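Each chain gets a letter, A, B and so on, in the order the sequences are listed, and its residues count up from 1. Treat the numbers as computed from the prediction; the structure is a model and nothing was measured.
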Amino acid sequence: MMGKLFNFLGGIHIPQHKDVSTSSKVVSAKIPQRLILPLSQHIGSPSKPLVEIGQRVLKGEKIANADGYVSAPLHAPTSGQIEDIGDYPLPHPSGMLGQCIVIKPDNKDEWTSLTPHAGDYKTLNPSELRNIIRSSGIVGLGGAGFPTAIKHNPGPEREIETLILNGSECEPYITCDDMLMRERAKEIVCGLLIIKHAVQAKKCVIAIEDNKPIAIQSMQAAVKEFADSNIQVTVIPTIYPAGSEKQLIFTITGKEVPKNGLPFQVGVVCQNVGTTAAVYRAINHGEPLISRYVTVTGDVKNPKNLDVLFGTSAHELIEQCGGATGNGENNGDIRRIIIGGPMMGFAMQQVAIPIIKTSNCILVDANQSKDLQKRKFTMPCIRCGSCADVCPVNLLPQQLYWFSKAQELDRIQEYNLFDCIECGCCDTVCPSHIPLVQYYRFAKSEIWKRERETQKSDVARERHEFRQFRVERDKSEKAEKLRQKKAALKEREIKKDKESSKALENEGSSETKPKQPKNAAILAAMERVKAKKKNQQVTPKNTDDLTDAQKKLVKEIDDRRANQRKNNMSDANQKNESNSE
Amino acid sequence: MSLYAPSSPHFHNDNSVTKVMLKVLYALIPGILVYFYLFGYGVLINILLAIVTALSCEAIMLKLRNRPLIPFLSDGSAIITAVLLALSIPSIAPWWTIVLGTAFAIIIAKHLYGGLGYNPFNPAMVGYAMLLISFPQIMTTWPANIGASFINFANSLNFSFGTIKPEQLIADAVSGATPLDYLKSQLGLGNALSEIMPNEIFGMIAGNNFEWISIAFLVGGIWLIKQKIIHWQIPVSVLGSLFAISLLFFLIDDTLYASPIFHVFSGASILCAFFIATDPVSASTTPRGKIIYGVSIGLLIFIIRTWGGYPDAVAFAVLLMNMCAPTIDYYTKPRTYGH
């Protein structure tokens, strides 16, 4: 059954701490007093609210629309009333606020009407399937939160050889995918068949790390039931970061996703098990994505997995798991709370932050575990190269560190900074305890900042150059017109001179006469120019067809400008005077 | 209240600079013991003097540079420099030799460049080169072919702190040239290798006494590779290239050029391959770079030994390649995933 596996470079073995949260069954978390739903729970533009404050919504009802292609809609996790739409703390390391829809649940948990497609997914074509997946608000539940429907649309010319189901869950402590595979294996395989149909994949590989024997068994049993010879369960060795998409693709296929590329370029689509189960619920039951499995673990009394409605506060979940352990007075003091695992998770500034689509784990640190310690004193880099040994992307982390510290932003890109997946392996093994990943993030954001600035200045420069060009062009056009006019005038004068001389000849009058028409012509021309100038000053061409209101506005602006100019002039005069004094 | 919210990763293994340096020290112990057994207390006195000097200089420099004392004094790097230098100089050298060399290594070669992690040259080898250039006679006068029983503790103290001059030692036949030195001078006199080699100074393969010390360092070095403190590339390429080039010349003319075994096991070849060239701060760090770096050191050792003015060449070979390390690294970047 098992194909040949490939070992990716680097990687580390770390204490797993997975057993602590897998001993009890997954239960649904209580419906909380309040659900706070951030509009941005995915990669892409935030969704747009469809509801108003005070409105009653039903469970599964769409409350916010996708805004653009790379976006996802949002659904009410339970029935209740919209209490507020405003800024609340997001699950973001900076502790920043963002727009959220707040629902006050009525505890009736009343579903909206759903349209299931049980058993007939094959009658739907891939595009229809994608539409359902998209309107169900499904995004990658493994952590990145990329809208799933986009992943299922590699384009008509691409052929998908392998659909990889990512059940490796390589980060320590996290067990939500493990529990999902143990308890809902059939749903996952069903979802896998749907996605296989949606992307027209030839075969499917379910990749699970060998530290999850029960999940492997349960998945194998489920696969047997469906009797599809194109699906196989592949056990991969436990090594971090085996579950990282690019590393997993290499492990299974031996192919590398090209730089800046996407998996479908090597004929692969990679899907997380949680996402796959969500796809099954969306197609077969018509249920949108409103909840997920969340591991609550670390220094808590009863670490376990909960089925959590989005918008539930992490604080409530910790309480439901018995609170933090420790020697402090109130069940120990929480020192740090990490959303995600210890390797790539984000430490939050406060406990009261909502669970969103990408939150797979709440890791509580109450200073009890020796594997979650504060960072020690940072020593200088001794270039030992341990970091390079463990880098799964084969970078030179010590060089990247050196250049980000020196802010040599061009040099650091020669060393492929942007291929860094921020897995944290280098940081973990560094004998000098240097916060390497933090340095890389800093360098990346500096480069982005710089690029934005150059873009801005490019636009400004172009604008300036165009203005100069326009001024030059106007000048030369004017000069040309003037020249033409002068020529015309001369011609006319010559004509007139000839005529008048003819007349003179006829009349035989005095010598002063020929000068008069010339003077008159000059005066007339001057008059014309004056009039033209006046016209131009008063009514520039592009304000000809303005409405009265616009004209009024323009006049106001002009007046203000004139005033300002006057003020400036008088200021300057005053200054000159004071200087001369 | 804001929680402790550092950047990921939140897990760290229990590795530290001190642990790395301590393991290097452990790996040196077998060599030191054999050295002590064969040459007496002199080496221990030198090591002690070197460590005291190194830590004092380190403390003074840290103070001057406003750096915290505890973490940097306890990192063990100054001790490694001290021990390596003490192992490189003759065990009967007067006390001020090692003190001067160590002070030069720590103050000039290490701290003036920015301290731990910033020195472009191997500090121990800078100290050694300074001593060799300044005091060639002391630096080439090694204890003669005698056992520890002769050089007891009192005698050793006398060599270190007494007033005995190297000339007297040579006259008393207490000391003499090293095998490499002897070979060089004899070849210089026009003697054929077959006439020189039977001298008892050469021992079984590469010089009496010295070969055993080398073997002990080899054992320690292999343990270091197994402990993943050093990578295999540098030791293998240093010794491999030294062996290959000396074999080539040995095959061309075995009356003029010593055997590859002799080159590998004599002098400081093994110590260099496992402990000196592998100093991570001043060496190349990319996998391919390490091989280029190591091969070049091996070649330079042979070239300087054979045609240069100094009997052993490890210090100069390493220092020359230290200069090239950043350039080598730049041109040997490994292929990144997906490129």
Participant: For B/Y118 and A/I382, indicate whether the former's side chain and the latter's backbone hold a donor-acceptor pair under 3.5 Å.
Facilitator: no
Participant: Applying ring pair (Phe, Tyr, Trp, His ring centres under 6.0 Å) to A/Y439 and A/Y401, what does each step give before you reach the verdict?
Facilitator: CA-CA 6 Å; A/Y439 273 101; A/Y401 158 67; 5.0 Å; yes
Participant: Give a yes or no answer on whether the side chain of B/H231 reaches the backbone of B/Q233 with a donor-acceptor pair at less than 3.5 Å.
Facilitator: no
Participant: When you check the gap from the basic side-chain N to the acidic O, do B/D329 and A/R383 get nearer than 4.0 Å?
Facilitator: yes
Participant: Heavy-atom distance under 4.5 Å to chain A: side chain of B/V20, backbone, both or neither?
Facilitator: side chain
Participant: Based on non-hydrogen pairs under 4.5 Å, which of A/A388, A/C391, A/P435, A/P258 is most in contact with chain B?
Facilitator: A/P258
Participant: Measure distances from A/V351 to the heavy atoms of chain B and classify the residue's part below 4.5 Å as side chain, backbone, both or neither.
Facilitator: both
Participant: Most heavy-atom pairs under 4.5 angstrom with chain B, which of A/L395, A/D389, A/L436?
Facilitator: A/D389
Participant: With rounding to the nearest 0.5 angstrom, report the OG1 to CD distance, B/T286 to A/Q399.
Facilitator: 8.5 Å
Participant: In terms of heavy-atom pairs under 4.5 Å, which option from A/Q438, A/K374, A/R375 contacts chain B the most?
Facilitator: A/K374
Participant: Would you find a donor on one side and an acceptor on the other, under 3.5 Å apart, between the side chain of B/R288 and the backbone of B/I292?
Facilitator: no
Participant: Where does A/I12 contact chain B at under 4.5 Å (heavy atoms): side chain, backbone, both or neither?
Facilitator: neither
Participant: Look at B/A283, B/G117, B/P71 and state which one has the largest set of heavy-atom pairs under 4.5 Å with chain A.
Facilitator: B/P71
Participant: Given heavy-atom pairs under 4.5 angstrom as the criterion, report whether the side chain, backbone, both or neither of A/L396 touches chain B.
Facilitator: side chain
Participant: Regarding A/R441 and A/E446, does a basic nitrogen lie under 4.0 Å from an acidic carboxylate oxygen?
Facilitator: no
Participant: Shorter than 4.5 Å, heavy atoms on both sides: which option in A/I337, A/D371, A/D365 has the most such pairs with chain B?
Facilitator: A/D371
Participant: Check B/K19 with B/D75, please: is the shortest side-chain N to carboxylate O separation under 4.0 Å?
Facilitator: no
Participant: Using non-hydrogen atoms only, which part of A/E414 is less than 4.5 Å away from chain B: side chain, backbone, both, or neither?
Facilitator: both
Participant: Name the residue from A/Y440, A/F442, A/Y415 that meets the ring pair (Phe, Tyr, Trp, His ring centres under 6.0 Å) definition with A/F403.
Facilitator: A/Y415
Participant: So which part of A/M343 gets closer than 4.5 Å to some heavy atom of chain B, the side chain, the backbone, both or neither?
Facilitator: both
Participant: Side chain, backbone, both or neither: which part of A/K255 has a heavy atom under 4.5 Å from chain B?
Facilitator: backbone
Participant: Go through A/Q247, A/E422, A/R411 and name the one with the most non-hydrogen pairs under 4.5 angstrom from chain B.
Facilitator: A/R411
Participant: Dump the intermediate steps for side chain to side chain contact (heavy atoms under 4.5 Å, CB included) on B/C57 and B/T102, then the final yes or no.
Facilitator: CA-CA 9 Å; B/C57 293; B/T102 313; over 6 Å; no
Participant: Between A/D419 and chain B, with a heavy-atom cut-off of 4.5 Å, which part of the residue counts as in contact: side chain, backbone, both or neither?
Facilitator: side chain
Participant: Counting only non-hydrogen atoms closer than 4.5 Å, does A/Q373 touch chain B with its backbone (N, CA, C, O), its side chain (CB onward), both, or neither?
Facilitator: backbone
